[in-house]
2 protein chains.
Amino acid sequence: MYRIGELADLCEVKADTLRFYEKHGLLTPSSRTDSGYRVYTETDAARLRFILRAKAVGFTLNEISELLSIDLDKSNWVCADVKGMVDVKLAQVQAKIAELNHFQASLQSLSDACCGGPRSAEHCSILEALESSTDSVRTEHDHELHLHPFQEPTDHFNDLGKAAHEKSGN
Amino acid sequence: MYRIGELADLCEVKADTLRFYEKHGLLTPSSRTDSGYRVYTETDAARLRFILRAKAVGFTLNEISELLSIDLDKSNWVCADVKGMVDVKLAQVQAKIAELNHFQASLQSLSDACCGGPRSAEHCSILEALESSTDSVRTEHDHELHLHPFQEPTDHFNDLGKAAHEKSGN
DNA sequence: ATAAACCTTGGAGCCCACTCCAAGGTCAAG
DNA sequence: CTTGACCTTGGAGTGGGCTCCAAGGTTTAT
Ligand SMILES: [Zn+2]
Ligand SMILES: [Zn+2]
Ligand SMILES: [Zn+2]
Ligand SMILES: [Zn+2]
């Protein structure tokens, strides 16, 4: 038997969260004290742990509601039903990962092209890339050129060397 | 000069979205007709494209507001500022990817352990894993045993063959 | 002249999972 | 008997990005 704060501490959740789960039908305490305090049994605690484990693998609370009702009525469901839910979620997660991998690659190429230094953002290749319609990103390879405008012919060599370091835009 | 629907079609966005961006200070049309219709210039269109490109690399609209104000006032910002925003976003995206990779691995091991067949969910290893406190997942390797309770000794061979296909739980 | 296709506004609703608040009741220790 | 830690409720707020609605005004084609 736990009061709300005890169960919350036990499962490293806030009491507010337990009230929220109750409001949404996921976890109703088995009883109340005379004064109205929620009283959770060990069974309630097990149900909370189920919820938290399902959350830890990426299910939403709505999906967890479904899983809970299946769990309480197993004989009317088959493995295909349960595995179906997992596989749908898996596909969603994989789709999201793919999207974020796109973001990650784009951000990395923007970051790589920018010197990150104290020079004016007027020359910043990140802003330039966001302004322009092309997908390629210019690398900021012209620092010394700006700082030393009167270069010797050997700077052509520098330019070529730097150019070789540049990432090609996609 | 575009009316709202024209710009929306041009950039494959809904007119509602453009009004939403305006309400949130991201994109205000340069003028209005006498009858109150929004009129967008080519500059406005460029700004919208900036917004859409920033969205495509994962920035939120609030972050895009910041980027836009930097872009309009470049001389008062430096590369470090811009690259900083990109790198913060990059770290956020990478953290989210890491979380989703966890989800993905957990879901995959749940899925792998379940037969996905038409048998009662009473034997489902997915539900069992969500109920139990251990992190390992039992593989459902006992189908034929249940369906054909009177087996010949050769079924031991079947069991071993199946066991070799099983993924080990984590 | 009239219909169709456009445009205007303010505001509500949605998904998701909390999180916080105010105003009060309860309970154990000192 | 007071203090402080706990508990109760309903409801509002957060961030994010739209999306839809109603009730009207405008433009264009026929
Ligand atoms: Zn720079
Ligand atoms: Zn830069
Ligand atoms: Zn099965
Ligand atoms: Zn199963």
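Bear in mind that the values here come from a model prediction, so they are computed numbers and not experimental data. Chain identifiers are assigned alphabetically (A, B, ...) following the order of the sequence lines, protein sequences preceding nucleic acid strands; residue numbering begins at 1 within each chain. Hydrogens, waters and symmetry mates play no part in the numbers below; they use all other heavy atoms, side chains included.
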- Per the under-4.0 Å heavy-atom filter, residues of residues 47-59 of chain A near DNA chain C come out as A:Lys55
- Would B:Glu42 and B:Tyr2 count as having a side-chain donor-acceptor pair, cut-off 3.5 Å? yes
- Task: Determine, stepwise, if the pair A:Asp112 / A:Ser109 fulfils side chain to side chain donor-acceptor pair (under 3.5 Å).
- Result: CA-CA 5 Å; A:Asp112 288 348; A:Ser109 90; over 6 Å; no
- In whole Å, what is the span from the CD atom of A:Glu22 to the P atom of D:dG11? 16 Å
- Between B:Ser111 and B:Gln108, do the side chains contain an N or O donor and an N or O acceptor separated by less than 3.5 Å? no
- In whole angstroms, how far is the C1' atom of D:dC18 from the NZ atom of B:Lys23? 9 Å
- Item | Boundaries of the chain B footprint along DNA chain C (any atom under 4.0 Å from a heavy atom) | C:dC6 to C:dT9
- Message: Return whichever of A:Thr33 or A:His24 has its heavy-atom-nearest nucleotide of DNA chain C closer to the 5' end.
- Response: A:His24
- Query: Toward the 5' end of DNA chain D, which comes first, B:Glu63 or B:Asp34, by nearest nucleotide?
  - Reply: B:Glu63
- Query: With nearest nucleotides of DNA chain C determined for A:Thr60 and B:Ile4 from heavy-atom distances, which residue corresponds to the more 5′ nucleotide?
  - Reply: B:Ile4
- Starting from P on D:dC18, measure out to CG on B:Asp16 and report it in whole angstrom. 11 Å
- Task: Could you tell me the separation between the CZ atom of B:Arg38 and the P atom of D:dG25, rounded to a whole number of Å?
- Result: 17 Å
- Separation of A:Leu18 atom CG from D:dC7 atom P, in whole Å? 10 Å
- Query: Does one side chain, of A:Asn62 or A:Glu66, offer a donor that lies under 3.5 Å from an acceptor on the other?
  - Reply: no
- Task: Round to a whole Å and report the spacing from CZ of A:Arg3 to P of D:dA5.
- Result: 14 Å
- Item | Straight-line distance of B:Ile64 CD1 to B:Arg53 CZ, nearest 0.5 Å | 11.5 Å
- Item | Test side chain to side chain donor-acceptor pair (under 3.5 Å) applied to A:Ser125 and A:Glu128, step by step | CA-CA 5 Å; A:Ser125 56; A:Glu128 190 180 271; over 6 Å; no
- Task: Figure out the CE/P separation between B:Met1 and D:dT27, and round it to whole Å.
- Result: 16 Å
- For A:Arg19, which contact category applies under a 4.0 Å heavy-atom criterion: base, sugar-phosphate, or nothing? base
- Between A:Glu22 and A:Thr28, is any side-chain donor less than 3.5 angstrom from a side-chain acceptor? no
- Under a 4.0 Å N-O cut-off, is there an ion pair linking B:Glu131 with A:Lys74? yes
- Item | Side-chain N,O (B:Tyr21) to OP1/OP2 (D:dC18) below 4.0 Å | yes
- Looking only at side-chain atoms of B:Ser35, point me to the closest of D:dC7, D:dT19, D:dT27. D:dT27
- Query: Which sits closer to the 5' end of DNA chain D, B:Asn62 or B:Lys14, going by the nucleotide each is nearest to?
  - Reply: B:Asn62
- Message: Can you tell whether the side chains of A:Asp44 and A:Arg47 come within less than 4.0 Å, N to carboxylate O?
- Response: no
